[in-house]
Amino acid sequence: VQLQASGGGLVQAGGSLRLSCVASGRIFSIDAVGWYRQAPGKERELVAAIISGGITNYAHSVKGRFTISRDNAKNMVYLQMTSLKPEDTAVYYCNARITSYEVTRLVTDDYWGQGTLVTVSS
């Protein structure tokens, strides 16, 4: 199983970006999904997540500006980011709890994408 994130880039303050993350492999089901970010010199933090029942959680700093969504048919998760601020500059990582087919059983584990850089200029 692999997660591949994309969509990062350089944007001016006030602009928008949409991050995408696709899961591939022998996937049986995808449970919770989320986006995290890590700014230089800081710890990785949760930005947004969709947990069981479709409940969404957002960091206080992005609430009202970012929207997380998923397309189960395509094994995709998105992060729509609007009204971007310089403090949103970070490497963004997608995360998913995935149950996959092994040879004779199902295995559930947490997976991380490789990260995509978002830079917001002032």
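Values below: all heavy atoms of this structure, side chains included; hydrogens, waters and symmetry mates excluded. Numbers here simply count residues along the sequence, with the first being 1.
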Open item on the list: According to side-chain contact (heavy atoms from CB on, under 4.5 Å), who are the partners of Ile27, at least two apart in sequence or on a separate chain?
Closed with: Val1, Ala23, Ile30, Asn75, Ile98

TODO: Sequence neighbours left out, what pairs pass disulfide bond (SG atoms under 2.5 Å apart) with at least one residue falling in residues 29-91?
DONE: none

Task: Aromatic ring pairing Phe66/Tyr92, orientation class (parallel under 30°, perpendicular over 60°, tilted between) - done: tilted

Task: Results of side-chain contact (heavy atoms from CB on, under 4.5 Å) for Glu102 - residues two or more places apart only - done: Ser100, Arg105, Val107

Open item on the list: Listing request: all salt bridge (charged side-chain N to carboxylate O under 4.0 Å, His left out) pairs with a residue in residues 108-122, at least two apart in sequence or in separate chains.
Closed with: Arg97-Asp110

Task: Exercise: identify the closest heavy-atom pair between Ala90 and Leu117 - done: O-CD1, 3.6 Å

Task: Least distance between heavy atoms, Ala48 atom then Leu79 atom - done: CB-CD1, 4.1 Å

Open item on the list: Run the side-chain contact (heavy atoms from CB on, under 4.5 Å) test against Gln4 and tell me which residues pass, sequence neighbours left out.
Closed with: Val22, Gln114

TODO: List the atom of Val62, the atom of Val47, and the distance in Å for their closest heavy-atom pair.
DONE: CG2-O, 3.6 Å

Open item on the list: Contact between Tyr58 and Ile68 at the side-chain level, heavy atoms closer than 4.5 Å - yes or no?
Closed with: yes

- [ ] Enumerate the residue pairs fulfilling side chain to side chain donor-acceptor pair (under 3.5 Å) with a member in residues 59-69, sequence neighbours excluded, ordered by first and then second residue.
- [x] Arg37-Ser61, Arg65-Asp88

Open item on the list: The criterion is side-chain contact (heavy atoms from CB on, under 4.5 Å); which residues satisfy it with Thr89, sequence neighbours excluded?
Closed with: Thr119, Val120

Task: disulfide bond (SG atoms under 2.5 Å apart) partners of residues 39-82, not counting sequence neighbours, each pair once - done: none

TODO: Give, for atom CZ of Arg70 and atom CE of Met76, the distance between the pair rounded to the nearest 0.5 Å.
DONE: 12.0 Å

Open item on the list: Strictly by side chain to side chain donor-acceptor pair (under 3.5 Å), give each pair with a member in residues 12-35 just once, sequence neighbours left out.
Closed with: none

Open item on the list: The criterion is ring-ring contact (aromatic ring centres under 6.0 Å, His included); which residues satisfy it with Tyr36, sequence neighbours excluded?
Closed with: Trp112

Open item on the list: Taking transitive links into account, so neighbours of neighbours count too, which hydrophobic residues share a cluster with Leu10 at under 4.5 Å side-chain distance?
Closed with: none

- [ ] Could you note down all residue pairs passing side chain to side chain donor-acceptor pair (under 3.5 Å) where residues 77-87 supplies at least one of them, sequence neighbours left out?
- [x] none

TODO: Could you go through the side chain to side chain contact (heavy atoms under 4.5 Å, CB included) check for Cys21 and Val77 one step at a time?
DONE: CA-CA 5 Å; Cys21 180; Val77 59; 3.4 Å; yes

- [ ] Over all heavy atoms of both residues, which pair between Leu46 and Ala49 is shortest? Give the atoms and the distance, please.
- [x] CD1-CB, 4.1 Å

TODO: Please check if the side chain of Asn95 supplies one atom and the backbone of Val33 the other of a donor-acceptor pair under 3.5 Å.
DONE: no

